[in-house]
Amino acid sequence: MPSSDILIAFFLTTLAFAYLPGPAMLYAAAQTVARGRFAGLMAALGIHLGGYVHVAASAAGLSILFHAVPPLYVAVKLAGALYLVWLGVCFLRAKAGSGVDIPEANLRTGRQAFMQSVAIEVLNPKTALFFLAFLPQFVDAAASFPIWLQLTILGTMVNLIFSSADIVCVGIAGDLVARLRRSGRVQLMARRAGGAMLVGLGVHLALQKS
């Protein structure tokens, strides 16, 4: 593994990136606002597990495909963006009494949030490019561990740190929503607010040039 100085720099840099508001954090917050704290936590878990696809791709050198084949990058990015917009529109179309008052710990809602979040993270090519650009800076070619194993370990650490930020965001959003939810009307407004956030994230992702 790299020296302790490199690992400390890696940890501090990752921590700074993780706790800056980003798409994954906002997505987890949107799920929390729309569906409740449990769904938000399941969304964070889905993002976390989906992140391991990118860790594995980085260790195997597959992430470089997005650089080598730009149309592939665009296609995956647009697929993820359209899925986000579709989810947001579903929330925006919610009507009073159409499942808005489902209890927070409803397993079906949590399962949906989890599966949707895994798909969205896997379809996010920017995560793959982040790992491709960030992790090699902290790899030591002279270390006893092979490079693929160093990339796997560092990628796992990045994923865990970023997920901790998502969980903190879900906790904050959950507290705010719990204070506001006193009626079906407020729950409906929260669901639509979450939908608007998802649509905004999807449009932002689609319009990004890189």
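- Note on Ile6 and Ile147: same hydrophobic cluster, where clusters join Ile, Leu, Val, Met, Phe, Trp and Tyr whose side-chain heavy atoms are under 4.5 Å apart, directly or indirectly.
- Between Ala39 and Thr109, the shortest heavy-atom distance links the atoms CB-CG2, 4.1 Å.
- With sequence neighbours excluded, no residue forms a side-chain hydrogen bond (donor to acceptor under 3.5 Å, both in side chains) with Asp166.
- In plain terms, the two heavy atoms of Thr32 and Gly40 that are nearest each other are OG1-CA, 3.3 Å.
- Looking only at side-chain heavy atoms (C-beta outward), Phe11 and Phe138 stay at 4.5 Å or farther from each other.
- Residues that satisfy the side-chain hydrogen bond (donor to acceptor under 3.5 Å, both in side chains) test with Ser117, not counting sequence neighbours, are Tyr27.
- To the nearest 0.5 Å, atoms CG (Leu7) and CG (Leu12) are separated by 11.0 Å.
- In the hydrophobic clustering of this structure, Leu20 does not group with Leu26; members are Ile, Leu, Val, Met, Phe, Trp, Tyr whose side-chain heavy atoms approach within less than 4.5 Å, directly or through other members.
- Annotation: side chain of Phe134 is not in contact with side chain of Leu154 (no heavy-atom distance under 4.5 Å).
- Heavy-atom minimum distance, Ala196 versus Leu92: N-CD2, 3.8 Å.
- Every side-chain hydrogen bond (donor to acceptor under 3.5 Å, both in side chains) that Ser164 has, sequence neighbours left out, goes to Tyr19.
- The line from CH2 of Trp148 to CD1 of Ile153 is 8.5 Å long, rounded to the nearest 0.5 Å.
- Contact annotation: the side chain of Leu151 never approaches that of Val55 to less than 4.5 Å [non-hydrogen atoms, C-beta and beyond].
- Across all their heavy atoms, Ala128 and His54 have their closest contact at CB-ND1, 3.5 Å.
- When side chains are defined from C-beta on, Ile47 does not count as touching Ile120, because their heavy atoms never get closer than 4.5 Å.
- The hydrophobic clustering, which links ILVMFWY residues whose side-chain heavy atoms are closer than 4.5 Å, places Val139 and Phe131 together.
- With hydrophobic clusters built from ILVMFWY side chains whose heavy atoms lie under 4.5 angstrom apart, Val53 shares a cluster with Leu149.
- In this structure, His48 and Tyr52 have perpendicular ring planes: the angle between them is above 60°, well past the 30° mark.
- Residues Leu45 and Leu49 have side chains in contact (heavy-atom distance under 4.5 Å, counting atoms from C-beta outward).
- Nearest heavy atom pair, residue Glu121 against residue Gly50, reads CG-C, 3.6 Å.
- Hydrophobic clustering of Ile, Leu, Val, Met, Phe, Trp and Tyr side chains at less than 4.5 Å, counting indirect connections, keeps Met42 apart from Ile167.
- Atoms CG and CG, from Leu84 and Leu201 in turn, are 6.0 Å apart once rounded to the nearest 0.5 Å.
- Considering only heavy atoms from C-beta on, Leu87 comes within 4.5 Å of Gln116 through its side chain.
- The side-chain heavy atoms of Phe10 and Gln137, taken from C-beta on, include no pair separated by under 4.5 Å.
- In plain terms, the two heavy atoms of Arg37 and Gly171 that are nearest each other are NH1-O, 3.4 Å.
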